[in-house]
Every structure is written in structure tokens, then in C-alpha cells.
A.B. asks: 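Before we start, here is the structure in question, set down as C-alpha cells.
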Amino acid sequence: MSLLEEMSEWVISGNANKVKALVEQALAEGVAPASIVNEGLIPGMTVIGAKFKVNEVYVPEVLIAARAMHAGMAVVKPLLSVSDTKEKGIAVIGTVKGDLHDIGKNLVGMMLEGAGYTVIDIGIDVPPEKFLQAVQEHKPQIVGLSALLTTTMTNMKATIELLKPYRDQVKIMIGGAPITPKFADEIGADGYAADAASAVDCANNLLAS
Amino acid sequence: MLARERFLRAINLQEPDRVPVFANLTPQVAEKLGKKMGLPYEAEDSFLSTRISHTEILLELGNDAVGIGPGRAISSPTVELPDGKLKDEFGMVYQRFGYYDEAVVRPLAGVTTTDELDQYQLPDPLAPGRFDLAEKMVSKYKGQYAIVGDLEATVFELSWNLVGLEKFLMDLTMGEDYITELLKRVAAYNTAIGVRLIELGADVLWLGDDFGTQQGMMISPDLYRHVFKPLQRNVIAAFKGVNPQVKIAYHSCGSIVPIIDDLIEIGVEILNPVQPQAKGMDLGVFKQKYGDRIAFMGGVDVQGVLPNGTPEEVASEVKKRIAAAGRGGGYVLAPAHNIQPDTSIENIYAMYDAVREYGTYPLSL
């Protein structure tokens, strides 16, 4: 097994210390930082995403895999050159106003990051105006809105309306327990994902379209 | 037929005179209803306040059971901090977000070892004052209504609430020692409370740990079986040891299809809430598969129909759930969660009216 393959395996099994050590070893051996990310860290998270989608792994395994990936990223990221960081896309994600539930949103963030996106997580209880600011500031291709509650779902609509002037630059996807594809259509979202792994497919499809 | 008999017959898999009902309210809905009905709507101070509050409103609407549970110890009521946040006896700090008080400080957020865990003291389950309200409610309603003792954050849920969900799940998966110890202590805490609720006269103990998400299990069925099932089995055995007649209900939000057989095996007799929009949680299918062994409590959709439907759609939802699970008894109609603030009063009345209309035995659906 190559060093980068081994790194992927430790991401999959969620061993942050091993991943960090292997990233350091790879750098010492002269492996390019971009290769470490694209051939070591990301493939591990890709496997986790695929397994999560078919119930081979569950939330805890995703969390520890993402933690392991981050441990590696923290070492390698400062070394990436500007051309290396031309990434897949930027995604701004947040839980909408009135809603504090963040595990779903966090999992989406981990999966998107694991698929090569730059993720700007603007947190919980995020009012529409803050999403607008984040769009203006970070110029994302994707905005992801999360809600767990029927009482806060309506704030997705308000957010989408406020982002109207930017709709030719930004695709909006939504998700969360009470969200359905029908609701996504009704409020004018571009996409809906039922779970964190599908959110990556959704983002990829939106960018391809 | 008295409400209590109606409820008990149903959970004993017999047909009563009609399908019993057991709903709970969010504080905002209780306030709306209480003002309209001229009844008190203040919430009780408790970790699971909504399950034991608003009793007069709920009975007037048509509930057949009364929820009781542990209140706060006299020595440690929930206090309001100078910044407006609320701090409870567990050391949890809550902040108001929109309609809900959500935890923003968790007392075990920094714990990594059993030694550190030892620095934290769970509240005394039998502290003076803990059961004052429960005693009052039992003496007022016993005999007439079924008494449901609420212990819905039995092992997993109270434990992770003290730690924080993501840290808890990661530490659990990494096999950290303190997790095992914490789970044991929380199980012992809730066992002591449940035993007292049974001694007071609870007909049902309503246990619970949410293991489901909208799409499936939050943790693997294997991890559930390895870590949580033995603890839950012990808790249930302790309750049955005090009173073999007490019925065990179990609450888990979301989709928990892979562990239903496990729950039945450890002694669960009533499954709640069978959340209809969660993947695979099909009341009709469950009735076929498990209906000769367990009863169901729940089924009414709070993620769609109840808040967003018309009263006619609510009535048809009720009819559909009774048709799926009412045959032969074994069904208590209930919303799949506390009725949320975006639900109209008309829809709530429509739900209760529809049970009277479609839930009378013999069913003609």
C-alpha cells in the first residue's frame, strides 16, 4: 500500500494521530501538498460518504473520519500554493434563523469538504441578511440551508428571496428533517438532499448544470 | 368507559370503546389554547417539561392519560442568569432561540477521563421536592386517567446532553472509558426516578432514547446492541421487578427499523412515536409485523399535516392512522411529537374530533 493509500485508510477508520503523522511523513518525503489532499485525504472521505449513504457507517464514523481528515488538512493546508487551492467550489452553509440544530449541517459541511469544496460554515440561527452578507463576501457557487423544525423552514423561503439578485451566480440547496423535494420546489431552491452524502451529489449536479 | 380503562385496554392489545389519545403541547400552543379555554397554561419546571405540563388543557381536549415526571429538587430550581439564560440543576445552560430554549453550555463538554467525570455530580434523583408535583397529580387523577411516568431521556440522551452530541458520539466510538461510566450513572439516576414513579402509581413508564434520524439509525445497530441495549434491558428489568404490571413504552424519534426487534426483546411493550415521515416507519406494516406483541402510540404527522394541512386533511390523517393500527386495540393515537407552535387550534380540535368520529369501536374503516 502506498503512503497516500494508507493515509486514506486511516481517514476512513478515523485515526487523527496516524493521519497527521502520515501527512508529515509524506511532506518530508517530498510528496506535493496537492497530492496529499487529492490522493490521500479526500479519497478517504469519499469512501466514508459512499458507505454512509448505504448505511455501512453511521454518524459517529463520519465524525471521526472528518476529524482525522482535518488533522491532516491542518498540516498541509498552509503549504498549498495558490494554484493548488483552485478548488472545486465554495459552499456557504448554515442553519436558518430560529433553529439551533447543527449536526445535519455539520455533516453536510464535512462531506462537502471531504469532496474538495471549500466550506464556509456561518453557523446556527442565521438570519437571511447574514446569508446575503456571506454570499457577497465569499462569492460561493453553492449556498446550503438547513432546518430541523417546521417552524423554521419558512425562514428558508425568506433567505432564498433575499438572495434573488445573486441567483445567476449561486445555486441554493436545502435539507433537514422536515424538508421534502416538493417544499424545495415551492420555495424556489435549486436542489434538495435527504442526507449529508447526497448533499455532495446535489452540489456536484448543481455545478455541472 | 373511564379514560384509564380505555387507555389500558388499548395498550393491553384489547379493543376499548374508542381509540385513546395522548398528545403533548409546546408552550406556545398551550398558551393559545389555555387563553381560549380559560385554563392555566404555565409550564412545570422539569428536564422534560412539555410531557408533564398543561394537563388541564389536554384533558379538556380529550387526552386519556396524564403525564407525570420528576420535577426539580426544592434546593435546586432552574435559575435565570443575569444574561437571561437559564441554568438547571444538571449545570446545563439554555438560551432562547426563536420558540425554543436550547442548550448552550453542557457541564461535561470538556471531560475526557473517568477521573474528570468524578468531579461532576448528577443531581440526587430522590431529592426533597422532586416528586411533589407527581404526587399531587397522581392523587388528583389516579383511577380516572392512565398515569404515564415520563423518563424519555433514559440512557443515551441524557448522557449526550451533558457532553454534547458530536463529542459524545466520537468518544463513544473511540471507546473512551468515561462514556461507559457516564452511561451507567445516568441509567442508575433514571432507574431511581422510574422506580419512584412506579411506587407513586404510574401505569406506564415512558422510556426513550432517540436513535433515529429522518433517514435511518444515527449509530449502527451493532453499537446500539453492544452498548445501549444491555443498559436499557437492566433499566426495564428493574421497573418490572418493582411492579410486573407496569407497561413499558419507548420513544425514539426518526427511523429505527433495525432495532425494533431488540426493543421488543428487552421488554418494550408500546412503541412511540412511529414518526410517519421517517424512512420505513410505517404504522400499517408494523401493525402486521409486531401488532400481536406490542402496542403503538403516535403516528400523526407533525412534520407536514398537523402544522400545514387543513382541518379536513388532519381528519383524514387521523382516519388513516386508525385504519392502519386501530384494529383489535393496540393503538393510542398521538402526534409524533409535541404539537408545534405553527399548528392552528382548528387543526388540534380537528384531530381530537376525528378520533371520536373514526376511532369508535367496532371500527368501521
Side-chain angles (χ1 to χ4, degrees), chain A residues 13-17 51-68 70 95-107 109-110 123-127 146-155 175-180 182-183 186 193-199, chain B residues 26 28-29 94-104 160 164-175 179 211-224 227 253-255 257-258 275 277-280 301-309 336-343:
Chain A
S13 56
N15 192 319
N17 293 336
K51 285 178 180 244
F52 182 67
K53 219 183 319 185
V54 296
N55 291 339
E56 274 180 41
V57 300
Y58 294 81
V59 175
E61 291 81 11
V62 175
L63 295 174
I64 58 170
R67 181 170 64 179
H70 280 144
T95 304
V96 296
K97 188 178 173 185
D99 206 322
L100 195 77
H101 296 88
D102 63 354
I103 183 136
K105 181 259 299 168
N106 294 350
L107 289 168
M110 291 167 203
I124 52 178
D125 188 27
V126 179
S146 173
L148 179 81
L149 304 159
T150 57
T151 50
T152 58
M153 284 163 73
T154 47
N155 292 327
I179 309 301
T180 60
K182 185 168 165 274
F183 177 75
E186 279 168 12
D195 59 63
S198 316
Chain B
T26 48
Q28 296 80 7
V29 174
Y94 294 88
Q95 186 180 346
R96 174 53 56 117
F97 284 87
Y99 292 121
Y100 309 90
D101 291 322
E102 306 280 8
V104 289
W160 79 247
L165 183 58
E166 292 187 21
K167 172 174 158 57
F168 183 91
L169 290 176
M170 289 194 278
D171 290 349
L172 168 69
T173 305
M174 302 305 278
I179 293 276
F211 286 114
T213 73
Q214 196 80 4
Q215 301 297 327
M217 291 284 291
M218 192 188 310
I219 63 170
S220 74
D222 283 348
L223 187 59
Y224 165 75
V227 176
C253 287
S255 172
V257 177
Q275 187 184 323
Q277 287 200 33
K279 199 170 181 177
D301 178 26
V302 297
Q303 292 184 306
V305 177
L306 208 54
N308 300 327
H337 206 290
N338 298 330
I339 297 175
Q340 294 294 302
D342 51 356
T343 307

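Note: hydrogens, waters and symmetry copies are ignored here, and every other heavy atom, side chains too, is used. Protein chains get the first letters and strands the later ones, always in sequence-line order, with residue 1 at the start of each.
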A.B. asks: In terms of heavy-atom pairs under 4.5 Å with chain A, which of B:M174, B:R96, B:Q277, B:Q95 leads?
C.D. replies: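 Answer, by heavy-atom pair count under 4.5 Å with chain A: B:M174.
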A.B. asks: Does NZ in B:K167 sit with more than 12 non-hydrogen atoms of other residues, nucleotides or ligands closer than 6.0 Å?
C.D. replies: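 Check passes, neighbour count above 12.
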A.B. asks: Quick one: which of A:I64, A:N15, A:N106 has the most heavy-atom pairs under 4.5 Å with chain B, could you say?
C.D. replies: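 With the most close heavy-atom pairs to chain B, the winner is A:I64.
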A.B. asks: Side-chain contact test, heavy atoms from C-beta onward, threshold under 4.5 Å: evaluate it for A:I103 versus B:M218 and give yes or no.
C.D. replies: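 No, side chains not in contact.
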A.B. asks: Apply ring pair (Phe, Tyr, Trp, His ring centres under 6.0 Å) to B:Y224 and list each qualifying residue two or more places apart in sequence or on a separate chain.
C.D. replies: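 B:Y224 satisfies ring pair (Phe, Tyr, Trp, His ring centres under 6.0 Å) with B:F211 only.
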A.B. asks: When rounded to the nearest 0.5 angstrom, what distance separates CG in A:L63 from CG in B:L165?
C.D. replies: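 Between A:L63 CG and B:L165 CG, I get 7.5 Å after rounding to 0.5 Å.
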A.B. asks: Within a 6.0 Å radius of atom NZ on A:K53, are there more than 12 heavy atoms belonging to other residues, nucleotides or ligands?
C.D. replies: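 Enclosed.
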A.B. asks: Identify which part of B:A278 has an atom lying under 4.5 Å from any heavy atom of chain A, answering side chain, backbone, both or neither.
C.D. replies: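 Neither part.
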A.B. asks: Once rounded to the nearest 0.5 Å, what's the spacing between atom CE of A:M110 and atom CD of B:E166?
C.D. replies: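 Taking CE in A:M110 and CD in B:E166, the distance rounds to 4.5 Å.
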A.B. asks: Examine whether an atom of B:P307 lies under 4.5 Å from a heavy atom of chain A, and if so say whether it belongs to the side chain, the backbone or both; otherwise answer neither.
C.D. replies: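 The side chain, not the backbone.
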A.B. asks: List for me each residue that meets side-chain contact (heavy atoms from CB on, under 4.5 Å) alongside B:H337, sequence neighbours excluded, and say none if there are none.
C.D. replies: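 If we apply the side-chain contact (heavy atoms from CB on, under 4.5 Å) test to B:H337, skipping adjacent residues, the hits are B:C253, B:V302, B:Q340.
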A.B. asks: Which residue in the set A:L149, A:T154, A:T152, A:T150 passes side chain to side chain contact (heavy atoms under 4.5 Å, CB included) when paired with B:D342?
C.D. replies: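 Testing B:D342 for a side chain to side chain contact (heavy atoms under 4.5 Å, CB included) against A:L149, A:T154, A:T152, A:T150 leaves exactly one candidate, A:T150.
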A.B. asks: To the nearest 0.5 Å, tell me how far B:Q303 CD sits from A:I179 CD1.
C.D. replies: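 Between B:Q303 CD and A:I179 CD1, I get 9.5 Å after rounding to 0.5 Å.
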A.B. asks: Mind listing the closest non-hydrogen atom pair of B:L169 and A:P60 along with its distance?
C.D. replies: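 Nearest heavy atoms, B:L169 then A:P60: O-CB, 3.7 Å.
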A.B. asks: Considering all heavy atoms of both residues, which atom of A:L100 and which atom of B:E102 are nearest to each other, and what is their separation?
C.D. replies: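 Result for this residue pair: CD2-CB, 2.7 Å.
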A.B. asks: Just how far is it from atom CD of B:Q215 to atom CZ of A:F52, taken to the nearest 0.5 Å?
C.D. replies: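 Those atoms lie 9.0 Å apart.
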A.B. asks: Answer with side chain, backbone, both or neither: which region of B:F97 has an atom nearer than 4.5 Å to a non-hydrogen atom of chain A?
C.D. replies: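 It is both, since atoms from each part get that close.
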A.B. asks: Heavy atoms only: give me the nearest A:E61-B:T173 pair and the separation to one decimal.
C.D. replies: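 So the minimum-distance heavy-atom pair works out to OE2-CG2, 4.4 Å.
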A.B. asks: Should B:L223 and A:Y58 count as side-chain neighbours, where that means a heavy-atom distance under 4.5 Å?
C.D. replies: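 B:L223 does not reach A:Y58 side chain to side chain.
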